[in-house]
Amino acid sequence: MSKSSKCESQRCDEAKSLPISRHRDALVRAVEDHVFLVVTGETGSGKTTQLPQYLYRAGLWKAGNIGITQPRRVAAITVAQRVSHEMRFTLGKEVGYQVRFDDCTSEATVVKYMTDGCLLREILADPLLSKYSIVILDEAHERSLNTDILLGLLKKTLCGVDKGSEGRSVPLHVVVMSATLETDKLSTFLGGCPVFTIPGRTFPVTSSFGSAIGPKDVNGSSYVNEVVRVALNVHSGELAGDILVFLTGQSEIEKACDLLYEKAERIDYRYDVQDQTVEGLLILPLYGSMPTDQQRQIFLAPPTGIRKCVVATNIAATSLTIDGIKYIVDSGFVKQLNHNSRVGMDILEVVPISKSEAQQRAGRAGRTSAGKCFRIYSNEFWEKCMLEYTVPEIQRTSLTAVVLTLKCLGVHDVIGFPYLDRPEERLILEALKQLYQFDAIDRRGRVTRLGELMVEFPLHPGLTRALLKAASFGCEDLLLPLAAMLSVENIFIRPGHPEKQKEADKKHRRLAAKAGGMNDFATLLSVFQWCKDSDSPSAWCKENWVHWRALKSAFSIETQLCEILLRLKQKRDFPVEVFTGNKSELFRRCLCTGYFTNVARRSVGKTFSTMDGHGTAVHVHPSSSLFEHEAELDWLIFHDMMVTSRVYLRTVCPIRYEWVKELLPKLHQVDVYELSNIAREEVDEEEVAKSESKEAKRLTEGSDKDVASKLEKRNDEASVCDARARYLQRKLERQHKAL
DNA sequence: GAGCACTGC
């Protein structure tokens with residue numbers, strides 16, 4: 001027997017012995033008999049890999065494809081690989097996957113694994129999902145933004161009681177798979193559908209509480225020392241098995257590793273990774289921005305007699321699985337990006353994890369054998385400071401892009417949309433307001449022509465607005481690379497060593513100066529071009545302290561954006577405008593149409609004030625090429641804001657007031673109350689007509705009068721501009737034909 | 001004169 005076929009038969013035996021295999025026939029029947037089904041089972045139950053195979057073998061693919069969503073790319077790819085292997089198919093034939101930049105499917109594909117974002121894109125192109133007979137939403141308990149939106153969409157427009165599956169030749173079946181959390185809630189949400197429970201195959205993990213961290217430490221005081229102490233106790237007092245420590249970020253992970261290294265030496269024998277004969281502790285940091293080759297060694301088994309201790313961020317909670325972990329040390333905290341409506345900002349902050357998250361962390365110790373979880377916080381902290389469940393992403397994030405997607409799918413009433421957990425109304429109103437400001441929706445909340453173009457781009461709507469402006473002037477070559485560069489992680493490397501730091505800073509300053517200086521957006525654009533045109537792009541990056549990995553992904557994003565734009569430009573009514581002026585001004589004016597919501601004006605000294613109505617006092621970040629040139633500046637736009645010792649603006653560009661003068665009133669003229677009423681109204685023609693007259697009446701009355709006339713005026717200007725654009729487009733087409 | 005958790009289209 002060859003090695004590969006032996007491996008294959010082992011796999012098949014494994015699949016047969018999985019807890020799910022006994023329920024095979026009942027599961028297939030349950031899917032067939034119901035529109036909605038909730039399937040629950042812990043990790044190791046086999047639901048992700050086996051259920052699609054059962055449905056395939058029962059012939060259900062004949063009525064349409066079987067689609068399975070995952071919140072993460074790696075999961076979609078690895079599961080598809082495993083399933084195609086188990087079924088003895090070539091990956092990309094009957095079983096395939098699709099993630100951004102990687103479509104491994106063909107005409108023959110009937111079982112398709114994909115990210116939830118991919119399925120959402122498919123719905124935009126084909127709202128009835130006519131190619132599918134079954135859609136499976138996996139890992140629903142993670143409550144990713146896209147999965148939550150898909151849940152609502154599938155409930156409302158595809159299988160809803162109100163609409164049914166009308167327009168489809170066969171009804172769509174939806175399976176929602178979730179760990180054994182909140183399954184009653186899911187079932188209730190889906191009209192009281194049946195819940196199918198599959199036993200898991202994990203090992204017991206016993207958890208214990210500590211006493212050092214209590215309710216008074218809720219703001220995340222120094223828990224690094226305590227984590228280190230507990231980890232060392234585990235090392236010196238527990239049986240063999242590796243340790244996984246959860247902390248919140250790179251700097252404290254490095255601090256903890258240093259401390260562990262220093263103290264382990266004292267309690268331990270000498271240790272040396274190269275010398276496999278001595279006993280000891282192997283300390284390994286793990287966080288997302290770490291180079292991939294360094295991450296790789298985390299997964300290697302430690303040398304005999306050596307205990308591995310991985311000190312990680314939340315990346316080890318779901319994204320990466322490390323074999324051999326028997327002990328967990330849980331700090332009880334996580335770094336989370338939360339949207340703060342009060343200040344109108346996203347703030348990255350350290351917060352206590354939820355109880356379900358703590359259980360998830362503990363579960364990482366029970367994958368191969370029984371494990372132990374040491375929580376450094378007290379029982380009282382658990383009771384008083386930790387929520388039952390993590391606040392779902394949909395309630396903590398900016399909804400601008402999501403609301404546009406929903407509107408483009410015909411969900412006019414975005415407040416009444418069936419959310420599994422409803423976001424605060426304020427969050428939805430903020431999104432509507434932004435969309436209105438970017439001309440993606442009109443005063444009545446309807447998607448504009450521009451909005452229909454905008455939804456096609458996987459970018460923040462503001463950035464898309466700037467890109468489309470540039471495209472209308474025919475200068476998209478300026479904005480496409482920039483949009484790509486702003487979509488990837490920070491491209492500038494800043495090493496820890498002071499000497500190297502100086503060297504890197506110097507290189508970065510030189511790049512900024514060479515790009516013209518005084519414009520961080522232009523620097524990004526130039527870096528993209530220089531690197532791309534270089535004979536050896538990776539060497540160029542190394543030389544200039546730039547992340548090659550980030551640049552590579554910027555290149556593929558630019559290609560993708562370019563393809564989307566080309567497709568849209570072929571449409572008849574793509575806007576066309578004419579601009580006379582120099583290129584630098586053109587570039588910055590295009591930016592202004594998307595970034596006028598991010599305008600700041602210098603107040604006193606080096607302090608600026610935002611113009612979004614909050615009037616936040618802000619400073620230019622020292623990494624900006626405008627830093628220490630503040631006195632020469634008056635107005636500027638910025639890409640993002642960061643809150644540390646001060647509120648800093650990063651990626652900044654000076655502008656003239658005249659360029660935003662027309663746009664700025666838009667920040668204040670729109671009435672959220674008005675938008676909220678609009679948001680609640682139905683698409684019904686009669687309702688629209690009624691709201692029009694009601695709104696016209698309100699706009700011409702009382703204190704709103706001035707605002708109303710201004711709104712009317714601007715909309716007139718906008719429509720004139722649109723008409724002019726259409727005329728120019730037709731003219732160009734005629735000329736083209738004549739040639 | 002500074003320090004970014006994790007995903008995804």
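Naming convention: chains lettered A, B, ... in sequence-line order (proteins, then strands); numbering from 1 in each chain.
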Under 4.0 angstrom, heavy atoms only, what part of the nucleic acid is [X] near: base, sugar-phosphate, or nothing?
{"X": "Val99(A)", "answer": "sugar-phosphate"}
{"X": "Arg72(A)", "answer": "sugar-phosphate"}
{"X": "Phe457(A)", "answer": "nothing"}
{"X": "Gln70(A)", "answer": "nothing"}
{"X": "Ile315(A)", "answer": "sugar-phosphate"}
{"X": "Gln250(A)", "answer": "sugar-phosphate"}

Measure the distance from [atom1] on [X] to [atom2] on [N] and round it to the nearest whole Å.
{"X": "Lys506(A)", "N": "dA2(B)", "atom1": "NZ", "atom2": "P", "result": "22 Å"}
{"X": "Phe333(A)", "N": "dA5(B)", "atom1": "CZ", "atom2": "P", "result": "16 Å"}
{"X": "Leu337(A)", "N": "dG8(B)", "atom1": "CG", "atom2": "P", "result": "16 Å"}
{"X": "Arg396(A)", "N": "dG8(B)", "atom1": "CZ", "atom2": "P", "result": "15 Å"}
{"X": "Asp148(A)", "N": "dT7(B)", "atom1": "CG", "atom2": "P", "result": "19 Å"}
{"X": "His629(A)", "N": "dG1(B)", "atom1": "NE2", "atom2": "P", "result": "14 Å"}
{"X": "Gln360(A)", "N": "dT7(B)", "atom1": "CD", "atom2": "P", "result": "14 Å"}
{"X": "Met290(A)", "N": "dA5(B)", "atom1": "CE", "atom2": "C1'", "result": "15 Å"}

Problem - Stepwise side chain to side chain donor-acceptor pair (under 3.5 Å) test for Asp116(A) and Thr147(A) - result: CA-CA 6 Å; Asp116(A) 47 14; Thr147(A) 298; 2.8 Å; yes

Exercise for the section: Determine whether any donor atom in the side chain of Asn338(A) lies under 3.5 Å from an acceptor atom in the base of dA5(B), or the reverse, and answer yes or no. Expected result: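 Answer is no: no donor-acceptor pair is held.
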
Handout entry: Residues Tyr223(A), Asp217(A); criterion side-chain contact (heavy atoms from CB on, under 4.5 Å); working and verdict
Key = CA-CA 9 Å; Tyr223(A) 44 75; Asp217(A) 307 302; over 6 Å; no

Practice task
Ignoring backbone atoms, establish whether Thr115(A) has a side-chain N or O less than 4.0 Å from OP1 or OP2 of dC9(B).
Solution key: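 Answer is yes, contact under 4.0 Å.
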
Where the side chain of [X] is concerned, which of [options] is the nearest nucleotide?
{"X": "Arg73(A)", "options": "dA2(B), dG1(B), dC9(B)", "answer": "dC9(B)"}
{"X": "Thr644(A)", "options": "dA2(B), dA5(B), dG8(B)", "answer": "dA2(B)"}
{"X": "Tyr287(A)", "options": "dG1(B), dC6(B), dG8(B)", "answer": "dC6(B)"}
{"X": "Ser319(A)", "options": "dG1(B), dG8(B), dC6(B)", "answer": "dC6(B)"}
{"X": "Thr313(A)", "options": "dG8(B), dA5(B), dC9(B)", "answer": "dA5(B)"}

Handout entry: Closest-nucleotide 5' rank along DNA chain B - winner of His621(A) and Val74(A)
Key =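 It is His621(A), whose closest nucleotide lies nearer the 5' terminus.
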
Practice task
By nearest nucleotide on DNA chain B, pick out whichever of Asn146(A) and Phe627(A) is the more 5' one.
Solution key: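 That would be Phe627(A).
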
Exercise for the section: Decide side chain to side chain donor-acceptor pair (under 3.5 Å) for Glu182(A) and Ser178(A); before the verdict, give the C-alpha distance in whole Å, the side-chain angles of both, and the deciding distance to 0.1 Å. Expected result: CA-CA 8 Å; Glu182(A) 296 191 280; Ser178(A) 167; over 6 Å; no

Problem - Test item: Ser398(A) and Glu430(A) side chains (from C-beta on) under 4.5 Å apart, heavy atoms - result: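 Heavy-atom side-chain distance check fails, nothing below 4.5 Å.
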
Practice task
State, yes or no, whether a side-chain contact exists between Leu633(A) and Phe608(A) at a heavy-atom distance under 4.5 Å.
Solution key: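 Leu633(A) vs Phe608(A): side chains touch.
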
Exercise for the section: Output yes when a side-chain donor or acceptor of Thr448(A) lies under 3.5 Å from a complementary backbone atom of Ala440(A), and no otherwise. Expected result: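 Yes; at least one donor-acceptor contact below 3.5 Å.
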
